[in-house]
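This one's a predicted model, so the numbers in the text were calculated from it and none came from an experiment. Just so it is clear: chains get the letters A, B, ... in the order the sequence lines come, proteins before strands, and each one is counted from 1.
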There are 2 protein chains.
Amino acid sequence: MTDTLKSGQRRPPSMADVAQHAGVSSQTVSRVSNGLTNVDESTRDRVLASMQALGYRPNGAARALKRGRFNSIGVIMFTLATFGNMRTLDAIATEAAKADYSVTLIPLADQTLGAVSGAYRRLNDQAVDGVVIVFEAHLIDRGEIALPPGLPVVVIDSNAGSGYAVVDNDQIEGARLATQHLLDLGHRQVHHIAGPTTSFSAMHREDSWRSTLRASGITPPSVHHGDWSTESGYQITLALAADPTVTAIFAANDQMALGAMRALHQLGRDIPGDVSVVGYDDMEEAHSFWPPLTTVRQDFHSVGRLAMERLFEQIAAGGAALSGPSGLGGVTTVPTELVVRESTGAARGVSGR
Amino acid sequence: MTDTLKSGQRRPPSMADVAQHAGVSSQTVSRVSNGLTNVDESTRDRVLASMQALGYRPNGAARALKRGRFNSIGVIMFTLATFGNMRTLDAIATEAAKADYSVTLIPLADQTLGAVSGAYRRLNDQAVDGVVIVFEAHLIDRGEIALPPGLPVVVIDSNAGSGYAVVDNDQIEGARLATQHLLDLGHRQVHHIAGPTTSFSAMHREDSWRSTLRASGITPPSVHHGDWSTESGYQITLALAADPTVTAIFAANDQMALGAMRALHQLGRDIPGDVSVVGYDDMEEAHSFWPPLTTVRQDFHSVGRLAMERLFEQIAAGGAALSGPSGLGGVTTVPTELVVRESTGAARGVSGR
DNA sequence: GCCGTTCATGTTGACGCAAACATACGGTCA
DNA sequence: TGACCGTATGTTTGCGTCAACATGAACGGC
């Protein structure tokens, strides 16, 4: 008896099981399950009791199959380890939940072509209505690997050329604000610790830093590429600060700025007395760094929200008709903002200005 | 004609559409789609071409329905904003991908009873084979809200009493190491900036800190509860350091430790000359704080890996038979490790020891 | 030349659910 | 009384896929 129950109960109970147990039709169970009102009070109670008794749990796959919607969106990401990605994911998940969608994570082992096409293939097995790609690589533009056709797509952190809908922070303006801020403080030169060349964001920031300097008639010094880590910021600054004329450093993210400040502390340089440092991101910790870091705040929440908006538009429009390289491209840009704290100050020999 | 194609093509193409287009049966399409070998070369090519032409994409829901497996696990999390949660999620996603599972995020708006039961309800609509709960609240133990019965569950950051399988870092040992380290340096008293009382981890660390002091015959001072944020660490330390006899602070996470150090910097106290600070987590930035932070390293990757192992065990065992308060409970503990850097030093008047 | 074997391919049915349609019953109003 | 309505419930059907079985053609051994 008990044995029958256990071994026979290989599959979880279905509506039919609940229906039989409660002595109603499976359709009535469906109605109760979906909270429809046209069910008699006593019948509803009976069905709910049976559900409880049998441990019934609706089968999401069957429901999705019937409805033709999965209420789920995929997020392809290379790493969760960076502040920006994490915040973006958080925003996406929050927005998705509001629209009653869930978020399926499709992680990328590395940024090789193989891993990317693997993720795309994986996408085929996933029940998703659309995809957000948070991508730090140029790989997406290569025609060799094709996203499943007809799937709504929004890309974060890419360039405009892809033909996909793109949402991103205004990297150009952010880097300009940071660089100009240092120039306005009287610094004659601004050195840049850039992010990896595989990142569109990093390249945009670097380009903007360079053109901002040029606009002031300054020849940009050679750039140094880190990998977003504090350690890379530390190492680069150690080398950079060997030159005593260096008075202003703009790092492409807060973590590298933190590493830079550690190097400066170690070398006995005063911040901002001897060297000013600007970061990028405004991570939560930045205001507690020593000294509190002047940085560019990125509004990741808005990025996530807008990405979901764009995606929902595509989903509502039927996806297939609109997405893909030929379709609903265009870039949505989210403003960035300079947050001035205590890691920046007037250049030596300059009184305020 | 074109119109027919567009408006008629409301639903994405199915196997039947591909089959018709290629002039084969849908079963043959299925065989090609699943990479079975018993298909003639020429037929396969024809089918693949038709798939391409129609933009065919397998329907995950139908597949899952047929197979009875979703190859997806749910993760219920309150916030992605803390370092530990993010790292844990990263590890879970990585492990899941290895086993060819994807991860569905089920975010919790807040830690109220309503939000939790909402997440559980949500779970019903999700196609998942099991759930990892990364939970900072005691709510899980309340009988009022029941997880769907028969669903494999692993809990991270909980206590042992729940009856669910629990995986967590060894909080007891970690806090003991931190406290003992400060005592060994000659500090007569160790103050604690604890995490919120809703967090099991925080409570475990606090308890362990207290009993470590008692083991050395020291009466624990009153504890201060922060909310994990740098700001709370800052505020608490501002108050705490008004007392000049305070020479050692153990914060329950690195972010609060960072806030503490900022307060000490501001008050002109030397670290570690006047006050030693120990954190908890060993986030990537900690070694670049100023001074580099002595802290307790948590092995989040192992936690994620073990959580998935436990979950897969349950899934393999048939879930229903084993999970739930009566079943496969037990706690898996992951060792923690003290990382000594420069934020701690001998107490004033003590020469080394 | 008959039978068994092998392989490519087709046909059928079922997974669990819910939309659409069908029924049944009690009451209302002309 | 009978046409009509609203409400609670049941019945049928099909979503897209794939396992199981069915078919049919090519081939080799006797």
Quiz item: What residue pairs, at least two apart or across chains, pass salt bridge (Lys or Arg N to Asp or Glu O under 4.0 Å) with a residue in residues 50-74 of chain B?
Solution: Asp125(A)-Arg63(B)
Self-check item: Ser50(B): partners by side chain to side chain donor-acceptor pair (under 3.5 Å), with sequence neighbours left out
Solution: His21(B)
Quiz item: Taking only residues two or more places apart in sequence, or in another chain, which ones meet Tyr56(B) in a ring pair (Phe, Tyr, Trp, His ring centres under 6.0 Å)?
Solution: none
Exercise. Shoot me the first and last contacting nucleotide of DNA chain C against chain B, ordered 5' to 3', at under 4.0 angstrom to non-hydrogen atoms.
Key: dA8(C) to dG16(C)
Quiz item: Listed by chain and number, what are the side-chain contact (heavy atoms from CB on, under 4.5 Å) partners of Asp45(A), not counting sequence neighbours?
Solution: Glu41(A)
Quiz prompt | Asn38(B): partners by side chain to side chain donor-acceptor pair (under 3.5 Å), with sequence neighbours left out | solution = none
Quiz item: What ring pair (Phe, Tyr, Trp, His ring centres under 6.0 Å) pairs are there with at least one residue in residues 86-105 of chain A, not counting sequence neighbours?
Solution: Tyr101(A)-Phe312(A)
Quiz item: Considering residues at least two apart in sequence or located in another chain, which fulfil the salt bridge (charged side-chain N to carboxylate O under 4.0 Å, His left out) criterion with Arg31(A)?
Solution: none
Exercise. Encode nucleotides 10-19 of chain D as B, S and - characters from 5' to 3', where the letter depends on protein heavy atoms closer than 4.0 Å: B to the base, S only to sugar-phosphate, - to neither.
Key: BB--BBBBBB
Self-check item: Residue list, ring pair (Phe, Tyr, Trp, His ring centres under 6.0 Å) with Phe70(A), at least two apart or on another chain
Solution: none
Self-check item: Residue pair Ile92(B), Ile156(B): steps toward the side chain to side chain contact (heavy atoms under 4.5 Å, CB included) verdict
Solution: CA-CA 11 Å; Ile92(B) 290 173; Ile156(B) 293 177; 4.2 Å; yes
Exercise. Round to a whole Å and report the spacing from CG of Asn38(B) to P of dA22(D).
Key: 17 Å
Self-check item: Structure string for DNA chain C in dot-bracket form, Watson-Crick and G-U at under 3.5 Å, | interchain
Solution: ||||||||||||||||||||||||||||||
Self-check item: With sequence neighbours excluded, residues passing side chain to side chain donor-acceptor pair (under 3.5 Å) with Thr28(A)
Solution: Ser25(A)
